[in-house]
J.: 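Below is one structure. I have some questions about it.
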Amino acid sequence: HNVVDKHVDNLISHPHVQQAASWINRDEPVAFPTETVYGLGANALSDKAVQKIFTAKGRPADNPLIVHISAVDNLAGVVDEIPAQARLLMAKFWPGPLTLVLPRGSQVCQSVTAGLDTVAVRMPAHPVALALIEACGKPLAAPSANLSGKPSPTRAEHVLHDLSGRIVGVLDGGETGVGLESTVVDVTGEVPLLLRPGGVTQSELEEVVGRVEIDPALSYHLDSVHNTAAFRPRSPGLKYKHYAPDGEVFLVSLAKGVKAMRRYIQECALRDREQGYSVAVLTTDDGKGFYVADLVISLGDRTRLERVAQRIYAALREADQAQIQRIYVESFPTAAVGEAIMNRLLKAAQGRMLEP
Ligand code: TXA
Ligand code: MG
C-alpha cells in the first residue's frame with residue numbers, strides 16, 4: 001500500500017511509481033488510481049500478466065478489458081486504424097473518462113479482448129495513472145480493481161478490502177474524482193454506439209460527432225431484456241451481475257415525486273425492521289432527517305449529481321461494512337451524469353425498481 005501525492009512534481013520518478021512499474025514489468029498486476037475508479041493494471045501486450053488480472057478479480061474470461069495509454073502514439077500495435085469520429089472524440093475528451101471501442105491491432109493479446117476483433121482504449125485524466133503508464137513504457141490493460149461483481153473502488157482501502165493477498169500492491173492516490181466508470185462508445189460502425197454511460201454524457205458526445213445511438217441493452221427494463229433469448233450485448237460486461245454489495249439493493253422510483261418516494265421507502269424500512277432485517281437508506285442531504293433506519297447515508301446535495309456519482313460506491317460499501325441486509329436507494333433524474341448514476345444503481349439492484 002504505497003501512498004503517492006498526485007500534486008507532486010515529476011511523478012514518473014517517484015519511488016512508489018517506479019516500484020509499481022517494476023512490478024508491472026515483471027508481469028505482476030498493480031492497482032492504481034484513475035479519475036473514475038481504481039484500476040488493476042498489467043502489461044496489455046503480455047498474456048501471462050493479463051491472465052493474472054482475471055485470476056485476482058475472479059473475472060469471467062469472456063469479459064474484455066480496457067487498454068490505458070498515456071499518449072495517442074501509444075496506440076501503435078493496440079489499434080491499427082483510427083476512424084475519423086474516434087479522432088474527434090479523442091481530441092475533445094482525452095485525457096478523460098471516455099473509452100473508445102476500435103478495431104483491434106495486432107499486438108494486443110487475446111485475453112485483453114476476450115477474442116473480440118475490437119479493443120477498448122482510453123487515456124485516463126489522472127497524473128498518477130499517466131505517470132505509471134509512462135514509467136512502464138507500455139499500454140496497461142486495466143479493469144476496475146474490485147472483486148468481480150462488487151462495487152468499483154473509489155479509494156485505495158476499497159481495493160485492499162477486495163484484493164489484499166491477491167495482488168502485489170496498490171498505488172494510493174486518494175479518492176477518485178468521477179466515482180463511476182468511464183463512458184464506453186463503440187466507434188467501429190457508421191453511427192457511434194453508447195455501450196456504457198459515464199462521466200462524458202450522450203449530449204456531450206453528440207456535440208462532437210452528431211448522432212450517437214444507445215445500445216438497446218441499456219434499456220431500463222433490464223429484467224425483461226435479460227430474459228429474452230435474443231439478448232446479446234455488444235459489451236460483454238453488461239450481462240454480468242455488477243456493482244452489487246452483499247446486502248440486497250432496492251431502487252425506488254421517482255416517478256411520483258420525491259415525497260412519495262420517501263414515504264414509500266420509510267414504509268418499507270419500517271416493515272423490514274419489524275421482520276428483523278437491518279435496513280439502510282441512501283438519500284441526499286434534504287432527506288437525511290426524514291428516515292428512521294439502521295443506517296442512513298447522504299450522497300450530498302440532490303441537485304449536484306456529480307458529487308452524488310462520486311459517493312455512490314463508497315456508500316454501498318459502507319452498508320456492507322455495517323452488515324446491512326436491505327439497502328433502499330432513492331432514484332435520481334436521468335439528465336446528464338444522472339444517466340450513469342441510474343444505470344449503476346439499477347445494476348446494483350439487479351433490475352429491481354420499486355414503484356411507490
Ligand atoms: O473508468 C473505467 O473505465 C475503469 C478505469 C479503471 O479505467 N475501468 C473499467 O473497466 O471500468 P471494467 O473492466 O470494469 O469495464 C470495462 C467495460 C466492460 O463493460 C467491458 O465489457 C467493456 O468495457 N469492453 C471492454 N472491451 C470491449 C470491447 N472490445 N467491446 C465492447 N465492450 C468492451
Ligand atoms: Mg468493473
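Counting starts at 1 for both ligands and their atoms, following the listed order.
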J.: Please report the interatomic distance CG(Leu270) to CD(Gln275), rounded to the nearest 0.5 Å.
T.: 11.5 Å

J.: Quick one: which of Leu98, Ile66, Val119 has a heavy atom closest to atom 16 (C) of ligand 1?
T.: Ile66

J.: If you take the nearest heavy atom of each of Pro33, Pro143, Pro97, which one is closest to atom 12 (P) of ligand 1?
T.: Pro143

J.: Which bit of Leu116 is near ligand 1, meaning a heavy atom under 4.0 Å away: side chain, backbone, both or neither?
T.: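 Near ligand 1, Leu116 shows its side chain, while the N, CA, C and O stay back.
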
J.: To the closest 0.5 Å, what do you measure between CG (Leu194) and CD (Glu206)?
T.: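 The distance works out to 9.0 Å.
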
J.: May I ask you to say whether Arg344 pairs ionically with Glu181, meaning some side-chain N is under 4.0 Å from a carboxylate O?
T.: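 Looking at Glu181 together with Arg344, the answer is yes, because their closest N to O distance falls below 4.0 Å.
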
J.: Would you mind running through ligand 1 and noting each atom that sits below 4.0 Å from a heavy atom of Thr118?
T.: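 It comes down to these atoms of ligand 1: 28 (C), 29 (N), 30 (N).
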
J.: Counting only heavy atoms closer than 4.0 Å, does ligand 1 sit against the backbone of Asn63, its side chain, both, or neither?
T.: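 Only the side chain of Asn63 comes within reach of ligand 1.
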
J.: Is it true that atom CZ of Arg304 has more than 12 heavy atoms of other residues, nucleotides or ligands lying nearer than 6.0 Å?
T.: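 No, the 6.0 Å shell around CZ holds no more than 12 heavy atoms from other groups.
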
J.: Counting heavy atoms only, which of Arg59, Arg104, His68 is nearest atom 7 (O) of ligand 1?
T.: His68

J.: Where does Leu195 meet ligand 1, judged by heavy-atom distances below 4.0 Å: at the side chain, the backbone, both, or neither?
T.: side chain

J.: Among Pro64, Gly115, Ala141, Pro103, which one has a heavy atom closest to atom 24 (N) of ligand 1?
T.: Pro64

J.: Between Asp246 and Lys150, is the salt bridge (charged side-chain N to carboxylate O under 4.0 Å, His left out) condition met? List the steps.
T.: CA-CA 8 Å; Asp246 298 331; Lys150 294 289 154 202; 2.7 Å; yes

J.: Number the atoms of ligand 1 from 1 as they appear, then name those within less than 4.0 Å of a heavy atom of Gly39, with their elements.
T.: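 Listed by number with element: 6 (C).
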
J.: Below the 3.5 angstrom mark, is there an N/O of Tyr38, backbone or side chain, next to an N/O of ligand 1?
T.: no

J.: Which atoms of ligand 1 are found less than 4.0 Å from any heavy atom of Ser182?
T.: 1 (O), 2 (C), 3 (O)

J.: Protein N, O or S atoms less than 2.8 Å from the Mg ion (ligand 2), ignoring waters?
T.: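 Less than 2.8 Å away from the Mg ion (ligand 2) sit Ser144 OG.
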
J.: If the cut-off is 4.0 Å to any non-hydrogen atom of Thr36, which atoms of ligand 1 fall inside it?
T.: 1 (O), 2 (C), 4 (C), 5 (C)

J.: N/O of Thr34 under 3.5 Å from N/O of ligand 1, yes or no?
T.: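 No: no nitrogen or oxygen of Thr34 is under 3.5 Å from one in ligand 1.
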
J.: Judged on heavy-atom distance to atom 15 (O) of ligand 1, which of Glu181, Arg196, Arg122, Met123 sits nearest?
T.: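 Going through Glu181, Arg196, Arg122, Met123 one by one, Arg196 has the nearest heavy atom to atom 15 (O) of ligand 1.
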
J.: Working note: Arg273 + Asp294, criterion salt bridge (charged side-chain N to carboxylate O under 4.0 Å, His left out); need CA distance, chi angles, decisive distance, verdict.
T.: CA-CA 9 Å; Arg273 293 182 83 211; Asp294 298 285; 3.2 Å; yes

J.: For Glu213, does the CD atom have more than 12 heavy-atom neighbours from other residues, nucleotides or ligands under 6.0 Å away?
T.: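 Enclosed: over 12 neighbouring heavy atoms sit under 6.0 Å from CD of Glu213.
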
J.: Which of the atoms of ligand 1 are close to Ser144, meaning less than 4.0 Å from one of its heavy atoms?
T.: 8 (N), 9 (C), 10 (O), 12 (P), 14 (O)

